[in-house]
Number of protein chains: 2
Amino acid sequence: MLEYSLDKTFAALADPARRAIVERLTQGPATVSELARPLPMSLPAAMLHLKVLEEAGLVTSAKVGRVRTCQVNPAMLSQAEHWVADRRAMWARNLDRLGAFLNAAKAEDET
Amino acid sequence: MLEYSLDKTFAALADPARRAIVERLTQGPATVSELARPLPMSLPAAMLHLKVLEEAGLVTSAKVGRVRTCQVNPAMLSQAEHWVADRRAMWARNLDRLGAFLNAAKAEDET
DNA sequence: GCTATACTCAAGCATACGCTTAAGGATCCT
DNA sequence: AGGATCCTTAAGCGTATGCTTGAGTATAGC
């Protein structure tokens, strides 16, 4: 777990093929071929996407014999989720603060 | 609100400069210059980032006189957040199902 | 050992990104 | 009107992305 950045995580999720792979993997582990088959591209191309996901820490894989099996890493999904959730919460908090300020100003006006 | 895709949303969030802009905007509206000033790049470059955020639906802006003021659009943050949260939930559910299956198999063995 | 399978690597190519500087409006202030 | 400010557009350039085909390596099964 070294240097997994939000940059890579979000960039990885920005591609529909890669999201499709993640989606498939949420249903359980799969091999490289299984992941590539439904995608509208060659197997090497699919492997590049897999590599991107793996370097982003979203997916892990292990090779047994000649078969590489892949899994999602939910920890990285969490990290991305939290960044967004935290920013949205921050926005809401500051919106509330603005509302409070406006109400206070209004009350002040009415004195 | 037309054609805002997850592709664009995640791609927009993949850049640190753009996340910095979003982060700043969660504290309240800001002008183009205010958003660009802290960034290590020229103003036109910052505006391109702003354009990306706007086309992703993450930011809205309006020009009054010669000043353009920007805001976050929390709805698009929600959308991205949900995609990730849903996938993570899906993963957890299927993991539970696998656990149940293994337990059932184990019980079967012991009969 | 031989063949099929599953993956991996390499070369090549077109397109898209990210940034720069320079120039061009549009608006506000005096 | 003239100058300062804020934003916008344009041209140019180097690098990165995404895909292809073709060849190569390792393992499984007969």
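Throughout, a chain's letter reflects where its sequence line sits, starting with A, and its residues are numbered from 1. Since this is a predicted model, take the numbers as computed values, not measurements.
Proximity of Arg68(B) to the phosphate of dT8(D): a side-chain N or O atom is located under 4.0 Å from OP1 or OP2.
Nearest-nucleotide assignment on DNA chain D puts the 5′-proximal partner with Val32(B), out of Lys63(A) and Val32(B).
Straight-line distance from the CG atom of Leu53(A) to the C1' atom of dG18(D): 14 Å, rounded to whole Å. Atom-to-atom, CD of Glu34(A) to C1' of dA6(C) comes out at 12 Å; the value is rounded to the nearest Å. The nearest whole Å value for the distance from the CZ atom in Arg37(B) to the C1' atom in dT5(D) is 12 Å. Between the P atom of dA6(C) and the CG atom of Leu35(A) lies a distance of 14 Å, rounded to the nearest Å.
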Contact state string [nucleotides 16-21 of chain C, B base, S sugar-phosphate only, - no protein heavy atom under 4.0 Å]: --SBBB
Trace of the side-chain hydrogen bond (donor to acceptor under 3.5 Å, both in side chains) decision for Ser61(A) with Arg68(A): CA-CA 6 Å; Ser61(A) 74; Arg68(A) 179 175 293 280; 2.9 Å; yes
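Residue Leu35(A) is tested with Leu53(A), Ile21(A), Val59(A) for a side chain to side chain contact (heavy atoms under 4.5 Å, CB included); the sole match is Ile21(A).
Counting heavy atoms from C-beta outward, Leu13(B) and Trp83(A) have side chains that approach closer than 4.5 Å.
Counting only distance, with no hydrogens or angles, the side chain of Arg93(B) and the backbone of Ala89(B) share no donor-acceptor pair below 3.5 Å. A donor-acceptor pair is defined here as one N or O able to donate and one able to accept, closer than 3.5 Å; no such pair exists between the side chain of Asn94(B) and the backbone of Gly28(A).
Nearest approach of Cys70(A) to Leu50(A), heavy atoms of both residues: SG-CD2, 3.9 Å.
Closest to the Arg66(A) side chain, of the nucleotides dT5(D), dT8(C), dT27(D), is dT27(D).
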